[in-house]
Amino acid sequence: MNADGGQTLVLGGTSLVGRFLVPMLVERGAAPCVLTRRSGAGEPRRGEGRDVARWIQADLTEPDRLAMIGSVQTVFSLSPIWLLPDALPALNALGATRLIAFSSTSRFTKAASTSPYERDVAAMLADGEARTIAFCESHGIGWTILRPTLIYAEGQDGNVSRLAGLIRRFGALPLAGGGEGLRQPVHAEDLAIGALAAISSGAASGCAYDLPGAETLTYRAMVERVFEGLGRRPRIVTIPPSLFKLALTLARPLLPGVTVQMGARIGEDLTFDPAPAQRDLSWAPRDFHPRF
């Protein structure tokens, strides 16, 4: 990568996707510069030692500090995309010519949520994408935006791994109604592979892609696979949606991060078309068989 000597920069190197992407870049000889907000995050892991990856503790809300990085050609942005536009002038000044930025399909699925917070998140995602595209188009930076669906990485994410934690804790899992809403869980490692593919694809410049997992499963089937990944027989308790909503409301103090809106979406189809990514990125993620 970067045959002309420009540097590869990863924003959000300790994010779920970053934990897989940084070692892949090192294995390909990119010697990336990795930006993270976390103190002490630069300890060597999986071949990403200080001799081959330069870790910098900094925050995108302070874009002036990006000057310490030096010249940059390729940027992978794994941080929330609404933070990226304000940093783009500094990255442009460093010489960035290619940008791979992660957003989320939540910009669509949460746009009409009953939660003001979730609607705000969807709006920030959409605004971050629009501002990023506008800046890149006006400054000659090749951009690609990647929108994952439900991201997981065994024991590390707040989606599938949260379900696994609840199963370990209670031995069973309640579902609102029949759990017929469709899902396309996608592994964080496959997203890292997709980001690298975007760099190699000329067709990907100037495009945005939804990145769903390989399988489209009902929510219930997804939960059953989580039980199997824990080596347990599925124990699923079906609860009427109205009662499930009440139970979630009462249990919120015991289940940090779990919201009533999450329960309401169990019956909704949250699916996206992989065809454009398959065509331009050779997108071929794994089937959903998590192992904990």
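Start at 1 with the first residue, then count along the sequence. All values reported here derive from a predicted model rather than from experimental measurement.
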### Message
Could you check whether R19 and Q156, counting side-chain N and O atoms only, form a donor-acceptor pair closer than 3.5 Å?
### Response
yes

### Message
Please report the interatomic distance OG(S201) to OH(Y209), rounded to the nearest 0.5 Å.
### Response
5.5 Å

### Task
Could you pull out the closest heavy-atom pair between S161 and F292, with the gap in Å?
OG-CE2, 3.8 Å

### Query
Is there a side-chain contact between P32 and R54, using heavy atoms and a 4.5 Å cut-off?
no

### Query
Okay, side chain of E224, backbone of P234: is any donor-acceptor separation there less than 3.5 Å?
no

### Task
Just do the side-chain contact (heavy atoms from CB on, under 4.5 Å) check on L11 and L84 with the steps written out, would you?
CA-CA 9 Å; L11 306 176; L84 180 59; 4.0 Å; yes

### Query
Does a side-chain heavy-atom distance below 4.5 Å link V237 with F170?
no

### Query
L60 versus L35: any side-chain heavy-atom pair under 4.5 Å?
yes

### Message
Let's go through R107 and E129 carefully: what are the C-alpha distance in whole Å and the side-chain angles of both, what is the deciding distance for salt bridge (Lys or Arg N to Asp or Glu O under 4.0 Å) to 0.1 Å, and is it a yes or a no?
### Response
CA-CA 10 Å; R107 67 159 290 184; E129 287 189 19; 2.7 Å; yes

### Heavy-atom side-chain contact between L25 and L196 under 4.5 Å
yes

### E180 versus T218, side-chain donor and acceptor atoms under 3.5 Å
no

### Task
Give the C-alpha distance, both sets of side-chain angles, the deciding distance and a yes or no for side-chain contact (heavy atoms from CB on, under 4.5 Å) between R235 and L173.
CA-CA 6 Å; R235 295 182 60 193; L173 204 66; over 6 Å; no

### Query
Of all heavy-atom pairs between R265 and S113, which one has the smallest distance, and what is that distance?
NH1-OG, 4.3 Å

#### Entry: Under 3.5 Å donor-acceptor, Q7 side chain and S71 backbone
yes

### Query
Which pair of heavy atoms, one from G213 and one from V186, lies closest together, and at what distance?
N-CB, 3.7 Å

### Message
Would the distance check show the side chain of D190 and the main-chain N or O of R286 forming a donor-acceptor pair, the cut-off being under 3.5 Å?
### Response
yes

### Summary
Output for pair (S115 OG, D120 CG), nearest 0.5 Å, gives 8.0 Å

### Message
Quick one about T74 and T8 (side-chain donor to acceptor, distance below 3.5 Å, no hydrogens or angles considered), yes or no?
### Response
no

### Euclidean distance, T14 OG1 relative to Q57 CD, rounded to 0.5 Å
10.0 Å

### Query
With a 4.5 Å limit on heavy-atom distance, are the side chains of R220 and T238 in contact?
yes

### Query
Pick one: which of L217, V160, I236 meets side chain to side chain contact (heavy atoms under 4.5 Å, CB included) with V223?
I236

Return all side-chain donor-acceptor pairs below 3.5 angstrom for residues 90-102, not counting sequence neighbours, or 'none' if the list is empty.
{"unit_1": "R98", "atom_1": "NH1", "unit_2": "G142", "atom_2": "O", "d": "3.1"}
{"unit_1": "R98", "atom_1": "NH1", "unit_2": "T144", "atom_2": "OG1", "d": "3.1"}
{"unit_1": "R98", "atom_1": "NH2", "unit_2": "T144", "atom_2": "OG1", "d": "2.9"}
{"unit_1": "R98", "atom_1": "NH2", "unit_2": "A198", "atom_2": "O", "d": "3.1"}

### Audit row: R147, I145, side-chain contact (heavy atoms from CB on, under 4.5 Å) steps and yes/no
CA-CA 7 Å; R147 304 188 191 106; I145 290 177; 4.3 Å; yes

Listing, residues 267-275 side-chain donor-acceptor contacts under 3.5 Å, not counting sequence neighbours, or none:
{"unit_1": "D269", "atom_1": "OD1", "unit_2": "L182", "atom_2": "N", "d": "3.0"}
{"unit_1": "D273", "atom_1": "OD1", "unit_2": "A275", "atom_2": "N", "d": "3.0"}

### Query
Quick one: salt bridge (charged side-chain N to carboxylate O under 4.0 Å, His left out) partners of R168, sequence neighbours excluded?
none

### Message
Ignoring hydrogens, what is the shortest heavy-atom contact between W143 and C136? Give both atom names and the distance.
### Response
CD1-CB, 3.7 Å

### Query
In terms of heavy-atom contacts, does CZ of R291 have more than 12 from other residues, nucleotides or ligands at under 6.0 Å?
yes

### Query
With sequence neighbours left out, what residues match E62 under salt bridge (charged side-chain N to carboxylate O under 4.0 Å, His left out)?
R65

### Message
Under a 3.5 Å cutoff, is there a donor and acceptor pairing between the side chains of H289 and E228?
### Response
no

#### Entry: Of all pairs that satisfy side-chain hydrogen bond (donor to acceptor under 3.5 Å, both in side chains), the ones with a partner from residues 80-89, not counting sequence neighbours
D86-R131

#### Entry: More than 12 heavy atoms from other groups under 6.0 Å of CZ on R119
yes

### Query
Measuring from I133:CD1 to S138:OG, what's the distance to the nearest 0.5 Å?
12.0 Å

### Query
Does the pair T132 and I81 meet the rule for a side-chain contact (heavy atoms from CB on, under 4.5 Å), with working shown?
CA-CA 8 Å; T132 294; I81 196 167; 4.1 Å; yes

### Query
Which heavy-atom pair separates A188 from A153 by the least distance, and what is that distance?
CB-CB, 4.2 Å

### Query
Considering all heavy atoms of both residues, which atom of C33 and which atom of I69 are nearest to each other, and what is their separation?
SG-CG2, 3.8 Å

### From L150, L125, T149, residue fulfilling side chain to side chain contact (heavy atoms under 4.5 Å, CB included) relative to T105
T149

### Query
Is a side-chain donor or acceptor of R183 paired with a backbone partner of Y219 at a separation under 3.5 angstrom?
no

### Message
With clusters defined by side-chain heavy atoms of hydrophobic residues (ILVMFWY) lying less than 4.5 Å apart, directly or transitively, does V121 cluster with F108?
### Response
no

### Task
Spell out, as yes or no, whether a donor-acceptor pair under 3.5 Å connects the side chain of S106 to the backbone of T109.
no

#### Entry: Short side-chain to backbone donor-acceptor contact, H187 and E189, under 3.5 Å
yes

### Task
Rounded to the nearest 0.5 Å, what's the gap from CG on D210 to CG on L146? Could you check?
10.0 Å

### Query
Who are the ring-ring contact (aromatic ring centres under 6.0 Å, His included) partners of F288, not counting sequence neighbours?
Y152

### Task
Nearest 0.5 Å please: distance from the CG atom of D59 over to the CG atom of L83.
7.5 Å

### Query
Do V22 and W55 have side-chain heavy atoms sitting under 4.5 Å apart?
yes

